[in-house]
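Working notes, structure below.
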Number of protein chains: 2
Amino acid sequence: MSSRQPAKPRARRNTSEVRPYHHGDLRRVLIDAALQLAAEGAEISVREAARRAAVSPGAPFRHFPNRAALMAAVAGEAQRRFRAEIEVALDQAPAADPFGRFRAFGLAYLRWAMRNPAHFEIISTGRYFAHGSSAELTRDNAELIALTEGILTEAAKQGLLRSADLKRIQIAGRALVYGFARMNLDGHFPRWGVEAGEIERMAEGVIDLFIAGIAKP
Amino acid sequence: MSSRQPAKPRARRNTSEVRPYHHGDLRRVLIDAALQLAAEGAEISVREAARRAAVSPGAPFRHFPNRAALMAAVAGEAQRRFRAEIEVALDQAPAADPFGRFRAFGLAYLRWAMRNPAHFEIISTGRYFAHGSSAELTRDNAELIALTEGILTEAAKQGLLRSADLKRIQIAGRALVYGFARMNLDGHFPRWGVEAGEIERMAEGVIDLFIAGIAKP
DNA sequence: ACGGAATGTAATCGATGATTACATAGAAGA
DNA sequence: TCTTCTATGTAATCATCGATTACATTCCGT
């Protein structure tokens, strides 16, 4: 959450604390408000975002043609944060150890998804904005996928894999990780979800199980 | 507000084709209408369901306290169909072959999910009705989970598994299958989705990969 | 047959996404 | 500096939706 800068009282009238007619960067503020809305578990509504930006209900439509476009922008921002965190984790895993990298990737992925469930859902579903409406999002996602492809290719090159069908392994890996994230999101971990650490530990175990499954014995 | 066309002369009594004041089984008809709405890719709205049932907008609320309750009922019905199909598939797999049963289960699961994406989403998300509001759904789901537990337990008893951590295997298996279904649902299979058979074949491959991964070498 | 309980209708409310006409400010060019 | 163009915000308005309330109609048990 970066601090924004209205910072321009633009003292027109004698009443102090007058918000200038033109908002500093309304687009940005609306996206942040929407992200916060989601994080609070509330529905994202254009009006509520406008309300939080202290702006009229019609103002957002100067920056987004419709609600879906706002959602796409929100998804883009969330995805940026998501990807940044994953890349940090990957930077700390040696490139020569594909399984270690896969593990780091999966763990970072799942940790972020479990700590930012609402944002993860917005990213991953495409239900809120017309599908493929955000080129940035699509590209970003493709790069993430390419990352995992690279990891698997390296593993194959080192002869660590039991099967040669990389595509199948990759889809399975994505399905496993994505599925775990969504199970958490969709409430498939009923009770023991109270202790979040328990789920994160389970995530770790599931990832390790997968790696053991694809590794050459 | 009055610009809305009434459009319905409200056929008088003397005409044939008179719907009686009391609908036969409105509750049922509303659920079916909602299911069809979902299958058409449209949002489920109480009003639209009422419209399709040729009934006033307030009528549904005699049968469901709110929209979420309708959605829960819809989910219950969809889950019933889902489960029925899975049990048929399981009945054709010999009980003594746990892997075969797992495979049959996964395939039936994924085929239904891919052929009824909207219904599957309603079942699996709990976003549309307050979570756990449908006892039937929860129970049904628990039974499905118990089924997979039984399969794994049998596999362990026969000494087919490489790891003894059944819970971990089970979570991983669920995550894998659920994740694959949701990837399809959430548009993660971009283009080659045109040929649906391709995805089903991939689902098969992923399941087999998983089985090979947990099987004792 | 009667009267209460179910069930449907009509009217209405508040919230939402969206559009339109208008107001204001910031900046570019004379 | 002054003028004007354009980006951006406001106000008013619509249609749709979920939900509630008062009333109407039918069903069913006594």
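The sequence lines fix the lettering, A, B, ..., with proteins before strands; numbering per chain opens at 1.
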Can you tabulate the close N/O pairs, meaning under 3.5 Å, that link protein atoms to atoms of nucleotides 4-6 of chain C?
none

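Atom-to-atom, CZ of Arg62(B) to C1' of dA22(D) comes out at 10 Å; the value is rounded to the nearest Å. In this structure, Arg28(A) places its CZ atom 19 Å from C1' of dT8(D), rounding to the nearest Å. Rounded to an integer number of Å, the gap from CD of Glu43(A) to C1' of dT16(C) is 11 Å. The separation between Asn66(A) atom CG and dT16(C) atom C1' is 14 Å, rounded to whole Å. If you measure from atom CG of Leu37(A) to atom C1' of dA15(C), you get 14 Å, rounded to the nearest angstrom. In this structure, Ile44(B) places its CD1 atom 15 Å from C1' of dG18(D), rounding to the nearest Å. Rounded to whole Å, atom P of dT7(C) lies 12 Å from atom CG of Leu30(B).
For Glu43(A), the side chain to side chain contact (heavy atoms under 4.5 Å, CB included) criterion is met by no residue, not counting sequence neighbours. Taking Ala38(B) as the reference, Ile44(B), Ala118(B), His119(B), Ile122(B) meet the side chain to side chain contact (heavy atoms under 4.5 Å, CB included) condition, with sequence neighbours excluded. For Arg51(A), the side chain to side chain contact (heavy atoms under 4.5 Å, CB included) criterion is met by Arg47(A), Glu48(A), not counting sequence neighbours. Remark: Glu204(B) pairs with Arg103(B), Leu107(B), Asp208(B) by the side chain to side chain contact (heavy atoms under 4.5 Å, CB included) rule, at least two apart or across chains. Not counting sequence neighbours, Glu85(B) has no partner by the salt bridge (charged side-chain N to carboxylate O under 4.0 Å, His left out) test.
Note: Tyr178(A) and Phe120(A) have tilted aromatic rings, judged against thresholds of 30 and 60 degrees for the angle between ring planes.
For an aromatic pair to be called close, the ring centres must be under 6.0 Å apart, and Phe180(B) with Phe189(B) satisfies this.
Set against dG8(C), dT12(C), dG9(D), the side chain of Arg47(B) has dT12(C) as its closest nucleotide. Relative to the side chain of Phe61(B), the nucleotides dT10(D), dG18(D), dT9(C) differ in distance, and dG18(D) lies closest. The side chain of Arg51(A) approaches dT16(C) more closely than any other nucleotide in the set dG9(D), dT16(C), dC17(D). Closest contact between the side chain of Ala59(B) and the listed nucleotides dG9(D), dG8(C), dC17(D) involves dG8(C).
The 5' end of DNA chain D is approached more closely, in terms of each residue's nearest nucleotide, by Pro57(A) than by the other of Pro57(A) and Val46(B). The nearest heavy atom of DNA chain D to Arg67(B) and to His63(A) marks one nucleotide each, and the one closer to the 5' end goes with His63(A).
Contacts of Arg27(A) with the nucleic acid, taken as non-hydrogen atoms under 4.0 Å apart, are absent.
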